[in-house]
2 protein chains.
Amino acid sequence: MSEAIRELLKKNHMSVTDSRLQILDLFYHAPGALAHADIEKKASDKIDRVTIYRTLQTFEEKGIIHTIPSSDNSVKYALCKDQCAAGHHHDNHVHFVCDNCSKTICLDDVLVPEVKLPGGFEPHQSNMVVNGLCNECRS
Amino acid sequence: MSEAIRELLKKNHMSVTDSRLQILDLFYHAPGALAHADIEKKASDKIDRVTIYRTLQTFEEKGIIHTIPSSDNSVKYALCKDQCAAGHHHDNHVHFVCDNCSKTICLDDVLVPEVKLPGGFEPHQSNMVVNGLCNECRS
DNA sequence: ATAAAATTTGCAACATAATTGCAAAATTGT
DNA sequence: ACAATTTTGCAATTATGTTGCAAATTTTAT
């Protein structure tokens with residue numbers, strides 16, 4: 001198990017360190033996306049705040065995780081599913097944020113639709129976040 | 001001019017104060033969305049930081065402005081165009097963020113398309129942000 | 001296996017951003 | 001014009017994010 005994670009780091013030319021293994025592990029076992037604060041809590045005092053910031057940053061640069069925008073100053077991060085496939089896939093899927101449990105989920109199979117922009121605007125990237133009730137909270 | 005703004009405040013059961021008039025005025029004359037920091041600079045030292053926070057919060061609660069999500073912990077606010085119309089209109093338009101000048105613009109005429117969610121998910125609200133080059137930066 | 005080179009970590013200091021309580025000031029309703 | 005209500009500004013506090021640097025760890029080359 002942990003072996004796969006090591007490979008992932010190596011493949012991306014990153015040193016294999018404790019913090020990175022731990023944080024990646026958190027992502028693999030998390031029910032949804034994680035914010036910096038979540039990691040800080042879960043990885044309990046073994047990892048320095050600064051290290052978490054830097055780790056998230058490099059993970060993002062390497063395309064291992066991606067950010068999920070939010071409306072309340074609390075960016076979350078999630079694993080890039082297709083990371084293991086050939087290079088940076090950067091697929092554009094929709095994200096879901098539950099209004100009840102506030103879990104943030106990648107809807108990997110729902111792609112962000114194209115929209116027609118007014119003349120002069122040149123799109124490069126799109127993000128879509130849907131709020132509502134997740135499958136678990138709609139009991 | 002300022003009279004319209006006063007009316008807007010009254011209509012929403014808010015006291016008409018200097019700070020509010022000033023901040024609303026900023027929004028009406030801004031080229032795009034504004035972040036807390038923008039307001040703090042432009043309203044230059046007359047208005048307390050805390051007042052700005054509270055004003056933005058109440059404006060949002062009253063449906064006068066809305067937030068635009070971002071991927072970098074920097075929420076921006078923009079006027080709700082249809083606010084003056086019958087009650088909270090809450091139309092769902094697409095937002096555009098320029099990668100070059102980083103202006104954030106409401107594309108009031110481009111509506112967020114519907115997407116089909118996996119079973120069990122109940123959508124309430126959708127947000128879509130497109131990054132790229134704005135009409136002015138694509139000279 | 002070991003030593004040198006390169007990378008990463010943790011600490012400390014700092015900078016910025018956001019929240020809260022409360023008294024003073026301003027606004028509203030009568 | 002006055003009392004009641006709301007809003008503001010200040011001070012204090014907490015949370016969030018960044019930077020430089022020396023020590024520790026990991027990698028690479030021998």
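In what follows, chains carry the letters A, B, and so on, assigned in the order in which the sequence lines appear, proteins first and then strands, with residues in each chain numbered from 1.
- Side-chain atoms of Ser15(B) never come within 3.5 Å of backbone atoms of Thr17(B) as a donor-acceptor pair (strictly under, hydrogens ignored).
- Rounding to whole angstrom units, CD1 of residue Ile47(B) and P of dT8(D) are separated by 9 Å.
- Applying the 4.0 Å criterion to OP1 and OP2 of dT27(C), one finds that Thr17(B) has every side-chain N and O outside that range.
- Leu111(A) and Val94(B) sit in two unconnected hydrophobic clusters of ILVMFWY residues. Membership requires side-chain heavy atoms under 4.5 Å apart, directly or through other members.
- Contact annotation for Arg20(A): backbone-only contact, meaning every heavy-atom pair under 4.0 Å involves sugar-phosphate atoms and none involves a base.
- Proximity of Ile64(A) to Met14(A): side-chain heavy atoms (C-beta onward) are separated by under 4.5 Å at one or more points.
- A 4.5 Å side-chain heavy-atom check between Ser19(B) and Arg54(B) finds every atom pair outside the cut-off.
- Residues Ser71(B) and His66(A) have side chains not in contact (no heavy-atom distance under 4.5 Å, counting atoms from C-beta outward).
- With hydrogens and angles ignored, the 3.5 Å screen pairs a side-chain donor or acceptor of Asp48(A) with a backbone N or O of Val50(A).
- Side-chain proximity of Val16(A) to dG9(D), dT27(D), dA12(C): nearest is dT27(D).
- Separating the OH atom of Tyr53(B) from the P atom of dA11(D) is a distance of 18 Å, rounded to the nearest angstrom.
- Atom-to-atom, CG of Asp48(B) to P of dA23(C) comes out at 17 Å; the value is rounded to the nearest Å.
- Nearest-nucleotide positions on DNA chain C for Arg49(B) and Lys10(B) put Arg49(B) closer to the 5' end.
- Rounded to whole Å, the distance from CG on Asn12(A) to P on dT8(C) is 12 Å.
- The separation between Asp72(A) atom CG and dT19(C) atom P is 10 Å, rounded to whole Å.
- When rounded to the nearest whole Å, the span between CE of Met14(B) and P of dG29(C) equals 14 Å.
- Rounded to 10 degrees, the angle separating the terminal axes of the helix from dA1(C)-dT30(D) to dT30(C)-dA1(D) is 40°, with each axis obtained from five end pairs.
- When the side chains of ILVMFWY residues are joined at heavy-atom separations under 4.5 Å, either directly or via intervening members, Phe96(A) and Val129(A) end up in two distinct hydrophobic clusters.
- Atom NE2 in His13(B) sits roughly 16 Å away from atom C1' in dT5(D) (whole-Å rounding).
- Between Leu21(A) atom CG and dT25(D) atom C1' there is a gap of 13 Å when expressed in whole angstrom units.
- The base of dG17(D) lies outside donor-acceptor range of the side chain of Arg54(A), with no N or O pair under 3.5 Å.
- Taking 4.0 angstrom as the limit, Asn73(B) places none of its side-chain polar atoms (N or O) nearer than this to OP1 or OP2 of dA17(C).
- Taking only side-chain atoms of Ser15(A), from C-beta outward, the nucleotide of dT8(C), dT27(C), dT8(D) with the closest atom is dT8(C).
- Both His36(B) and Thr58(A) sit near DNA chain C, but only Thr58(A) has its closest nucleotide nearer the 5' end.
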